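Below: one structure, written as structure tokens.
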Amino acid sequence: MISFTHIRSLQIAAFAAVVLSGCAVDAVHTQGSAAKAPAYYVSEFEVTDPEGIKPYSAQVDSTFKPFGGYYFVRGGQVRSLEGEPGKRLVMIAFPSLEQAQAWYDSPAYRAIRPIRFKSAKSRVYIVEGAPPPVAEHVLR
């Protein structure tokens, strides 16, 4: 038997879903086709000094968060389908190419970059992603 509390919880959840979907529709209408493309900082690197890299690892998060960055990929298992995989892969997502570049050039990140240079071999890129898809049925 379903209790009144359970029914009330379901009603609240349904209401929240309707409100949130309305917010999503408003956001899509507001953004339209001018939605900015995200950008990704991509780093393939091999740590050469595990002790030396620790200060960099401890500080890097605090340098990219003010620019809207977050880890998209941080290490983890890599399965090579073609070619030789890098030792470690890190991707940090940003809302735009401009914000990714602003982070990379920021005084906070510039201060810790030499630690990475001394403690690892790396190849680093900033890549612009594709704009988020806009669902056609939402726009109708």
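Computed over heavy atoms, backbone and side chain alike; hydrogens, waters and symmetry mates excluded. The shown structure was predicted, so the numbers you read here are calculated from the model rather than taken from an experiment.
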For E44, give me all partners under salt bridge (Lys or Arg N to Asp or Glu O under 4.0 Å), at least two apart in sequence or on another chain. R123
Contacts of Y70 that satisfy ring pair (Phe, Tyr, Trp, His ring centres under 6.0 Å) - sequence neighbours left out: none
For a 4.5 angstrom cut-off between non-hydrogen side-chain atoms, does V42 reach V73? no
Starting from Y71 and following side-chain heavy-atom contacts under 4.5 Å between hydrophobic residues (I, L, V, M, F, W, Y), which residues can be reached? Y41, F45, V47, I53, Y56, V60, F64, F67, V90, I92, F94, L97, W103, Y104, Y109, I112, I115, V124, I126
A111: partners by side-chain contact (heavy atoms from CB on, under 4.5 Å), with sequence neighbours left out: none
Any donor-acceptor N or O pair under 3.5 Å, side chains S96, Q99: yes
Would you please name every residue forming a side-chain contact (heavy atoms from CB on, under 4.5 Å) with K121, sequence neighbours left out? E46, T48
Which atom names give the shortest non-hydrogen contact between G129 and A37, and what distance separates them? O-CB, 3.2 Å
With rounding to the nearest 0.5 angstrom, report the CG to CZ distance, D105 to R110. 6.5 Å
Sequence neighbours excluded, every pair satisfying salt bridge (charged side-chain N to carboxylate O under 4.0 Å, His left out) that has a member inside residues 64-90: none
With sequence neighbours excluded, residues passing salt bridge (Lys or Arg N to Asp or Glu O under 4.0 Å) with E98: K36
All side-chain contact (heavy atoms from CB on, under 4.5 Å) counterparts of V78, not counting sequence neighbours: P85
Contacts of E51 meeting salt bridge (Lys or Arg N to Asp or Glu O under 4.0 Å) (sequence neighbours excluded), chain-then-number -> K54
Using the test side chain to side chain donor-acceptor pair (under 3.5 Å), find all partners of S122 that sit at least two apart in sequence or belong to another chain. R116
